[in-house]
There are 2 protein chains.
Amino acid sequence: MPVLKIDELQKLVTRALQASGATPSAAAAAARIVVAADAQGLASHGVSRIGQYSAFLRNGRSNPAAVPVITRSKGGACLVDAMCGMAYEACALAVATAATRAREFGVACVGVTNSNHFGAAALHLEPLAQAGLVGLAFSNSPAAMPAWGGKTPLFGTNPVAAVFPRRNQPALSIDLALSETARGKIMIAAKEGKPIPLGWAVDKDGQPTTDANAALAGSMLPAGGVKGAMLALTVELLACALTGAAFGYEADTFFVDEGNKPRLGHLFIAIDPDALAGQDAYFARTEALIEMMLQDPGVRLPGDRRRLSHDKAMRDGIQIPDALHQQLVTLASG
Amino acid sequence: MPVLKIDELQKLVTRALQASGATPSAAAAAARIVVAADAQGLASHGVSRIGQYSAFLRNGRSNPAAVPVITRSKGGACLVDAMCGMAYEACALAVATAATRAREFGVACVGVTNSNHFGAAALHLEPLAQAGLVGLAFSNSPAAMPAWGGKTPLFGTNPVAAVFPRRNQPALSIDLALSETARGKIMIAAKEGKPIPLGWAVDKDGQPTTDANAALAGSMLPAGGVKGAMLALTVELLACALTGAAFGYEADTFFVDEGNKPRLGHLFIAIDPDALAGQDAYFARTEALIEMMLQDPGVRLPGDRRRLSHDKAMRDGIQIPDALHQQLVTLASG
């Protein structure tokens, strides 16, 4: 398998997206985050997505000419319109704006509307942690889960992420989707003809199933039952009602290239610890909790595995499967 | 069982708390919320708690003379010090401040430190919904759940609540704790000598158990496994690291009267839809999602059952068990 340095892979991805029509800044913003996902070991949100992003730029699901703009602004609150382009440049603008506003107003809330595939949620928040800010991210995604008690998929798997900066240490980084499992795992079980555990999914009639194919025709289930369903509803409303974006049931699936402009929504919240208990108190309290957590040898800090993977990628580069590398090279050569 | 009108019960509870030493305003703020909990059918967070609150005011776990104050303030961010009193007056101050700041700055984030038992989380948020604001609430509570992979309880069951106002309709009201189940259910199983389902709790060695007594000696488990554990960690840090409050493992249990001042933390976030996509867009999007949800006959809106219970209590009053009523009367007569 080819091994590429991080900056080499970023350049290749940038060229692939530009050759598919994206603006230079949109291509570079996407390349930064998807390559960072691979560096952190999150291949499902890494350059494996570029083929589809390229298809979207060509078939109209992404607007290649999109230039994200701030359309509303008041104090700590802003709305960014991604103009139906890829999500990444709009998210970078939203997060940079959130950092500035949180420094000025103590807290910021920046929404993104008319957006697209969100990628790995916690990666968007890294600039907040680097600025010493606590960050939260919410996004919806194409419908995968029913409302509690329902049969029809309405909500996305709806990622939630949080970063908590530490003094002289890498930030705590929390990143999860609100479904019990990833759809990819069900697809693998279907391919291998294996059953899935009860609780992962329901069939098209809303009945619990262990049949992976019936699950793919039905709905994913939320993590934690009714609680996950209520959190997924909360995320839909935060990410879409506040921003005017499309709900999960209005966005066509990302499992095929064809479909509508997803017009998904995201919401970022940034909080300056210095405006509440103060930076010193915040850092001291955070370290106290981490020290207690690590007294138990079974506990690992969230984000640690991703950070170790990133450090290795910085040293050794990123391995890319042959076929994927060839696809990127072909796309990049236009 | 005696049946009391809402305002009668509020007066009785106010008198009981004042007779236990609370200031008039702290007693009235607590009475408003705990009686509202009973009205909404949430007896576990209702006037059944007053005996313990009274004990706390007398034994020093609550400071009866506490007057909550805003100790830090910057733009949309504030910190309220509950001065180790009961939580309710401090939460009312925090939420009123959040409403004012969110109107001015688009978003507000108000923390509460040195606080106490939080009560029913969503009830604190009602003034935000009435002001047309989206509200989020987070609180920690005495340690009940281990960090993921750990054996020792560190985090509380950590309630999360959200309110989403609607145009000319009661707000959506979401309220959940991040544990798989309520400790009360395990206590009932222990009392009845019945087993509990796997996944509710672990024993003191961190091993999954169906033995209710072993569970009570061990830890509750988070809803949704590792995802709930990560959300519980997020809530601890939002509610305590940002506010300087005590973590779950530093607060003595509420299952007995004796113990330390819990010094718990809460965090409220208020967002003005008008500062993002605008109030009209927000209301239209929210109604679109609700309409889709209600197309499925199995779906009930969050908060509906509590609201129906409240409407019934407004008409018919609130039934209070004899012994509890007698306890309140005795406390109130000083």
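Letters A, B, ... mirror the listed sequences (proteins, then strands); counts begin at 1.
The greatest number of non-hydrogen atom pairs below 4.5 Å with chain A, out of B:L176, B:V226, B:L267, B:L172, is found for B:L176. Contacts with chain A were tallied for B:A223, B:G150, B:A281; B:G150 has the most, counting heavy-atom pairs under 4.5 Å. The choice from A:G111, A:G228, A:G278 that makes the most heavy-atom pairs within less than 4.5 Å of chain B is A:G278. Of the listed residues (A:L178, A:L238, A:V160), the one with the most heavy-atom contacts under 4.5 Å to chain B is A:L238. Heavy-atom pairs under 4.5 Å with chain A peak, among B:P146, B:G298, B:A241, B:A77, at B:A241. Contact count versus chain B (heavy atoms, under 4.5 Å) is highest, among A:G75, A:G149, A:G206, A:G106, for A:G149. When each of B:G225, B:A177, B:A246 is scored by its heavy-atom pairs under 4.5 Å with chain A, the top score falls to B:A177.
At a 4.5 Å heavy-atom cutoff, the contact between A:A162 and chain B is made by side-chain atoms alone. Within the 4.5 angstrom heavy-atom criterion, atoms from both the backbone and the side chain of B:F247 approach chain A. Within the 4.5 angstrom heavy-atom criterion, only backbone atoms of A:C78 (N, CA, C, O) approach chain B. Interface residue A:A108: only backbone heavy atoms are found under 4.5 Å from chain B. Contact of B:A229 with chain A is not made at all, since no heavy-atom distance falls under 4.5 Å. Looking at A:V299, both its backbone and its side chain come within 4.5 Å of chain B, counting heavy atoms on both sides. Proximity to chain B involves both the backbone and the side chain of A:A288, based on heavy atoms less than 4.5 angstrom apart. Of the atoms belonging to A:F283, not a single heavy atom falls under 4.5 Å from chain B. With a 4.5 Å cut-off on non-hydrogen atoms, B:L289 touches chain A through its backbone and its side chain both. Looking at B:C109, both its backbone and its side chain come within 4.5 Å of chain A, counting heavy atoms on both sides. Residue contact with chain B, scored on non-hydrogen atoms closer than 4.5 Å, involves the side chain of A:L154 exclusively.
Closest approach of B:L276 and A:L242 over heavy atoms only: CB-O, 3.1 Å.
Here the CD1 atom belonging to B:I290 is positioned 7.0 Å from the CG atom belonging to A:L237, to the nearest 0.5 angstrom. Distance check: B:L233 CG to A:L301 CG gives 8.5 Å after rounding to the nearest 0.5 Å. Rounding to the nearest 0.5 Å gives a distance of 4.5 Å between CZ of A:F155 and CE of B:M293.
Between B:V107 and A:I269, every side-chain heavy-atom pair lies at or beyond the 4.5 Å cut-off.
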Distance-only donor-acceptor pairs under 3.5 Å across chain A and chain B:
unit_1	atom_1	unit_2	atom_2	d
A:R72	NE	B:L276	O	2.5
A:R72	NH2	B:D274	O	2.9
A:K74	NZ	B:R103	O	2.8
A:G76	N	B:F105	O	2.8
A:R103	O	B:K74	NZ	2.8
A:F105	O	B:G76	N	2.8
A:K151	N	B:D296	OD2	2.6
A:A177	O	B:K227	NZ	2.8
A:S179	O	B:K227	NZ	2.7
A:K227	NZ	B:A177	O	2.8
A:K227	NZ	B:S179	O	2.7
A:L242	O	B:A277	N	2.9
A:A245	O	B:R285	NH1	2.7
A:Y249	OH	B:A288	O	3.3
A:E250	OE1	B:R285	NH1	2.7
A:E250	OE1	B:R285	NH2	3.4
A:E250	OE2	B:R285	NH2	2.8
A:D274	O	B:R72	NH2	2.9
A:L276	O	B:R72	NE	2.5
A:A277	N	B:L242	O	2.9
A:R285	NH1	B:A245	O	2.7
A:R285	NH1	B:E250	OE1	2.7
A:R285	NH2	B:E250	OE1	3.4
A:R285	NH2	B:E250	OE2	2.8
A:A288	O	B:Y249	OH	3.3
A:D296	OD2	B:K151	N	2.6

